[in-house]
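If you read the sequence from its start, that first residue is 1, and numbering goes on from there.
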Amino acid sequence: MFGRHHHHHGRHGGHHSRHPFGFDGREHGGMGGRGFGRGGPRGRFFDHGDLRLVVLKLIADKPSHGYELIKAVETAAGGAYSPSPGVIYPTLTLLEELGYVAATDAGGGKKLYTITDEGQAFLETNAQPVNGLFERMAEAASRSAAFAPQILRARENLKTALRLKLHAGSLSSEQIAAIAKALDDAATQIEAV
């Protein structure tokens with residue numbers, strides 16, 4: 001199924017029209033780019049303009065740097081999608097050009113983005129689609145909990161620790177019992193969550 005995704009970059013014959021949303025909607029999420037938006041099988045995570053609304057809402061909640069917004073979107077989607085800098089920064093530039101956010105130099109080449117009165121009014125006008133987007137991201141997060149970065153990292157740590165311990169040489173019966181107990185305890189704690 002994944003082999004059938006074709007990307008037609010530049011299909012407009014070199015004509016680069018300025019997209020009203022700052023991106024063309026072809027950004028892909030993790031998990032093989034499984035469809036999130038209403039775009040169907042093309043594998044888009046967001047439809048046109050959706051990311052702009054999500055980013056604006058996140059900035060309204062907390063003034064942020066671009067990197068923080070990437071992480072905030074990833075967290076809201078439970079790791080199912082992480083926008084690339086090549087998607088986030090053009091979106092921020094567009095929001096700034098529209099007058100919805102203001103950027104201030106935060107030092108070290110970073111910009112801190114805050115919402116403007118126009119941006120707040122735009123958010124309020126679009127409250128229903130914004131709420132719907134965050135609900136859909138929460139659904140994606142619940143479906144993709146197994147792919148959450150924290151769980152993947154912890155699982156890899158466990159596998160690495162086990163591999164190192166088991167290949168380090170012969171283990172005493174006390175060490176074997178302690179490792180088995182630690183694994184059993186972890187399983188019991190996970191089941192209880």
Side-chain angles (χ1 to χ4, degrees), residues 7 9 16-39 42-154 156:
H7 304 288
H9 295 290
H16 295 286
S17 62
R18 173 102 180 139
H19 235 277
F21 306 127
F23 62 97
D24 66 3
R26 284 197 295 255
E27 71 272 23
H28 296 271
M31 295 174 45
R34 247 167 246 175
F36 170 83
R38 294 175 294 278
R42 291 184 56 191
R44 283 198 309 241
F45 197 82
F46 288 114
D47 283 339
H48 295 298
D50 287 353
L51 183 62
R52 176 179 61 163
L53 290 171
V54 167
V55 168
L56 193 57
K57 172 70 172 126
L58 291 170
I59 292 170
D61 292 345
K62 177 182 176 286
S64 302
H65 305 291
Y67 177 77
E68 292 172 323
L69 290 164
I70 290 170
K71 289 291 155 200
V73 172
E74 182 179 30
T75 299
Y81 173 73
S82 179
S84 69
V87 170
I88 279 288
Y89 289 104
T91 301
L92 287 168
T93 299
L94 177 72
L95 288 170
E96 194 176 0
E97 288 171 0
L98 290 170
Y100 295 162
V101 300
T104 52
D105 187 1
K110 287 183 177 179
K111 286 183 178 180
L112 182 68
Y113 294 90
T114 53
I115 195 160
T116 63
D117 290 341
E118 291 101 338
Q120 194 64 53
F122 181 77
L123 259 189
E124 287 165 13
T125 303
N126 289 280
Q128 190 172 348
V130 168
N131 292 338
L133 282 167
F134 278 86
E135 285 168 15
R136 284 163 50 205
M137 282 198 297
E139 286 171 23
S142 67
R143 286 196 306 270
S144 67
F147 295 92
Q150 304 95 314
I151 292 176
L152 291 175
R153 178 197 51 74
E156 288 308 310

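For the atom pair OG of S82 and CD1 of I88, the computed distance is 8.5 Å after rounding to the nearest 0.5 Å. One finds the CE atom of M137 at 5.0 Å from the CZ atom of F46 (value rounded to the nearest 0.5 Å).
Looking at K57 and L133, their side chains never come closer than 4.5 Å, going by heavy atoms from C-beta outward. Annotation: side chain of T114 is not in contact with side chain of T104 (no heavy-atom distance under 4.5 Å). Side-chain contact between I59 and L92 is present, with at least one heavy-atom pair separated by less than 4.5 Å.
Here the shortest heavy-atom pairing between V73 and P83 reads CG1-CD, 3.6 Å. Taking every heavy atom of both residues into account, P85 and P90 meet most closely at O-CD, 3.7 Å. Here the closest non-hydrogen pair linking T116 and A102 is CG2-N, 3.8 Å. For the pair A103 and E96, the tightest heavy-atom approach, listed with the atom from each and the gap, is CB-OE2, 3.5 Å.
At most 12 non-hydrogen atoms from other residues, nucleotides or ligands lie less than 6.0 angstrom from CD of Q128. Environment of CG in D117: sparse, with no more than 12 heavy atoms of neighbouring residues, nucleotides or ligands closer than 6.0 Å.
With respect to L56, the side chain to side chain contact (heavy atoms under 4.5 Å, CB included) criterion is satisfied by exactly one of T91, V130, V101: V101. Checking L58, L123, L95 one by one against I115, the side chain to side chain contact (heavy atoms under 4.5 Å, CB included) holds for a single residue, L123.
Counting only residues at least two apart or in different chains, ring pair (Phe, Tyr, Trp, His ring centres under 6.0 Å) contacts with residues 101-141 comprise Y100-F122.
Remark: T75 pairs with no residue by the side chain to side chain contact (heavy atoms under 4.5 Å, CB included) rule, at least two apart or across chains. Looking at residues two or more places apart in sequence or on another chain, you find a side chain to side chain contact (heavy atoms under 4.5 Å, CB included) between A106 and H65, K110, L112.
Here E74 pairs with K71 in a salt bridge; the nearest charged N to carboxylate O distance falls below 4.0 Å.
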